[in-house]
Amino acid sequence: MREEYFKNTYKEISELSNTEKCRTTLIQNGDTNELAVKKEMPEEMFEVYSELASINNVGIVNVLACYTENGKCIDIEEYVNGKTLETIISEGQWTDSDYARCIMDMCDTLTELHKRGIIHRDIQPKNVIVDNNHVKLIDFDIARNKKESSNKDTRLLGTPEFASPEAYGFSQTDERSDIYSLGKLLQMLVKDVRFQSIIDKCIQMDPENRYQSTGELKMALMRCLNHPEVKGAKSFIRTVPGFRSNNVVKKIITIIIYCLVILVFTGTALQAKGNVADKILSVILFYIWIFIPYAFLMNIGNISSKLIRANYKTKTSEWLVRIALCVISFIIASVILGFFMGKH
């Protein structure tokens, strides 16, 4: 049997840690001198680690064997010779973008785990190892399998600084609990304000208000890295269609089109009857009639996102909300404009 091979071939070298939940030792293959890690845990962890043994993912520590012995779960896993994120932080060599990409790699790993119903529950810097440019998630000692019929966890565990509210008994931990921990980790790692909205959404108290999947969080981070936000007028301009990229030709064409539209609408509005004040008011109303619905539809200045703070699970649902806001604002503006034009 596979466990007999590890029992007979590997010898204990040193004890790495010994806590109430787990004893971890460094072991070595007597034939090849290959190093591995042995963990002795409560028998209830067998379900999680046996599932981990079936996963082939570069972001997850490789479980070589998993079995029960004398009422304990025994896990034999690869020895990862890399730096923990905790060490990397202390060295101070990484940029905010480096940390964001690290979180994105963790999102890929957690996506695979969550598909299997495994919730890590202890995401923190010392449980992340960077080995040969691969980000590996380790220490599944308090991980659990999600139970659809459960209302809360049977064991309330986790590192206080990173644990979600659910870990303290408010409800059952699930995929969004790991997302909360990723948000707290991101909050500790990055200082760039462009990530703040992502962090805020990750660490919402109510899981329904967070990102609903690690894939969704990864996409948000990708958009942030590819389209960095800046403050002030430049930030607003970057949200206007035609100015969202650095393509100079596209910007020139956009400026010409917008100028033509402004000239046409200004000329049309100035044909209204009345004095100078009435003409100026008609110009303003014409622009409200066209540009406010357009702003909602194209989310200029992130107006639609700010007004409706919804968790869009798909781009389709987001566009439906934007179209609805566009139609409603167009109807209201049309009524106001019609009332004014009727009086004049």
Side-chain angles (χ1 to χ4, degrees), residues 2-3 5-7 9-10 12-19 21-29 32-69 72-89 101-146 157-159 162 173 175 177-179 181-182 185 214 218:
R2 189 168 177 78
E3 58 237 48
Y5 168 77
F6 283 98
K7 289 178 184 178
T9 309
Y10 280 80
E12 182 176 316
I13 301 249
S14 62
E15 185 177 80
L16 299 177
S17 66
N18 193 352
T19 65
K21 63 180 180 180
C22 177
R23 179 176 184 263
T24 305
T25 55
L26 184 66
I27 58 176
Q28 187 175 40
N29 188 310
T32 65
N33 292 326
E34 180 184 15
L35 295 174
V37 173
K38 178 181 178 182
K39 292 188 173 185
E40 301 171 54
M41 300 166 287
E43 191 172 20
E44 64 193 61
M45 294 305 301
F46 178 76
E47 183 180 4
V48 169
Y49 274 89
S50 59
E51 183 67 31
L52 287 174
S54 69
I55 300 176
N56 181 21
N57 187 292
V58 70
I60 303 172
V61 63
N62 185 24
V63 175
L64 304 174
C66 180
Y67 54 92
T68 58
E69 182 181 59
K72 291 184 177 181
C73 170
I74 307 298
D75 160 58
I76 310 293
E77 62 186 45
E78 67 172 322
Y79 173 71
V80 183
N81 187 23
K83 291 182 179 180
T84 66
L85 190 55
E86 192 173 45
T87 299
I88 292 171
I89 293 169
R101 292 188 179 93
C102 176
I103 298 293
M104 287 165 58
D105 288 342
M106 292 172 66
C107 283
D108 289 337
T109 299
L110 286 166
T111 295
E112 180 63 31
L113 289 171
H114 293 165
K115 284 180 183 178
R116 307 292 189 103
I118 298 175
I119 313 302
H120 189 280
R121 295 206 304 167
D122 198 19
I123 296 170
Q124 55 172 309
K126 71 176 185 179
N127 289 339
V128 180
I129 292 183
V130 180
D131 175 38
N132 294 325
N133 294 321
H134 291 138
V135 179
K136 286 185 178 287
L137 195 58
I138 64 170
D139 197 349
F140 289 80
D141 301 348
I142 65 169
R144 64 182 292 271
N145 288 92
K146 182 180 175 182
L157 298 170
T159 304
F162 301 97
T173 51
E175 298 88 343
S177 304
D178 283 343
I179 289 172
S181 299
L182 286 176
L185 184 59
T214 46
K218 180 183 176 181

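The first residue of the sequence shown is numbered 1, and numbering continues consecutively from there.
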From CG (D139) to OG1 (T84), nearest 0.5 Å: 12.0 Å
Is the backbone N or O of F6 less than 3.5 Å from a side-chain atom of T9, with the two atoms forming a donor-acceptor pair by type? no
Are the side chains of I55 and L113 in contact, using a 4.5 Å heavy-atom criterion? yes
Calculate, to the nearest 0.5 Å, the distance between atoms NZ and CD1 belonging to K21 and I142 respectively. 5.0 Å
Is any side-chain heavy atom of S54 closer than 4.5 Å to a side-chain heavy atom of R116? yes
CD1 of I119 to CG of N145, rounded to nearest 0.5 Å, is 8.5 Å
Rounded distance (nearest 0.5 Å) linking atom CD of E51 with atom CZ of F46: 11.0 Å
Are the side chains of D178 and T214 in contact, using a 4.5 Å heavy-atom criterion? no
Nearest 0.5 angstrom please: T25 OG1 to L16 CG, how far? 7.0 Å
Which pair of heavy atoms, one from F162 and one from I123, lies closest together, and at what distance? CB-O, 3.4 Å
Sequence neighbours excluded, which residues qualify as ring pair (Phe, Tyr, Trp, His ring centres under 6.0 Å) partners of Y49? none
Is it true that, when you exclude N18 itself, more than 12 heavy atoms of the residues, nucleotides or ligands shown sit nearer than 6.0 Å to its CG? yes
Do side-chain atoms of E78 reach the backbone of N62 as a donor and acceptor pair under 3.5 angstrom? yes
Is a side-chain N or O of H120 found less than 3.5 angstrom from the main chain of I138, in a donor-acceptor match? yes
Could you tell me the separation between the CD1 atom of I74 and the CE atom of M45, rounded to the nearest 0.5 Å? 12.5 Å
Return the minimal non-hydrogen interatomic distance between F140 and K39, and the atom names on each side. N-NZ, 4.4 Å
Kindly write out the residues that satisfy salt bridge (charged side-chain N to carboxylate O under 4.0 Å, His left out) with D131, not counting sequence neighbours, or none if the list is empty. none
What are the two closest non-hydrogen atoms of L182 and C107, and how far apart are they? CD1-SG, 4.1 Å
Decide yes or no for L185 and L85: does some side-chain heavy atom of the first lie under 4.5 Å from some side-chain heavy atom of the second? yes
So, for L26 and Y79, which heavy atoms are closest and what is the spacing to 0.1 Å? CD1-CD1, 3.7 Å
Checking salt bridge (charged side-chain N to carboxylate O under 4.0 Å, His left out) for the pair K38/E69: CA distance, chi angles, key distance, verdict? CA-CA 13 Å; K38 178 181 178 182; E69 182 181 59; 5.2 Å; no
Under-4.0 Å salt bridge between E86 and K126: no
So does K136 pair up with E77, basic N to acidic O under 4.0 Å? no
Before giving the answer on side chain to side chain contact (heavy atoms under 4.5 Å, CB included), spell out for N33 and Q28 the whole-Å C-alpha distance, their side-chain angles and the decisive distance to 0.1 Å. CA-CA 6 Å; N33 292 326; Q28 187 175 40; 3.7 Å; yes
Are the side chains of I27 and I76 in touch, meaning some heavy atoms are under 4.5 Å apart? yes
Does the side chain of S17 come within less than 4.5 Å of C22's, by heavy atoms? no
So D105 and C102, do their side chains get closer than 4.5 Å, heavy atoms only? no
Report yes if the side chains of L52 and D75 come closer than 4.5 Å at any heavy-atom pair, otherwise no. no
Taking all heavy atoms of C73 and all of P42, pick out the closest pair and write down the distance. CB-O, 3.4 Å
Which heavy atom of L64 sits nearest to which heavy atom of A36, and what is that distance? CD1-CB, 4.3 Å
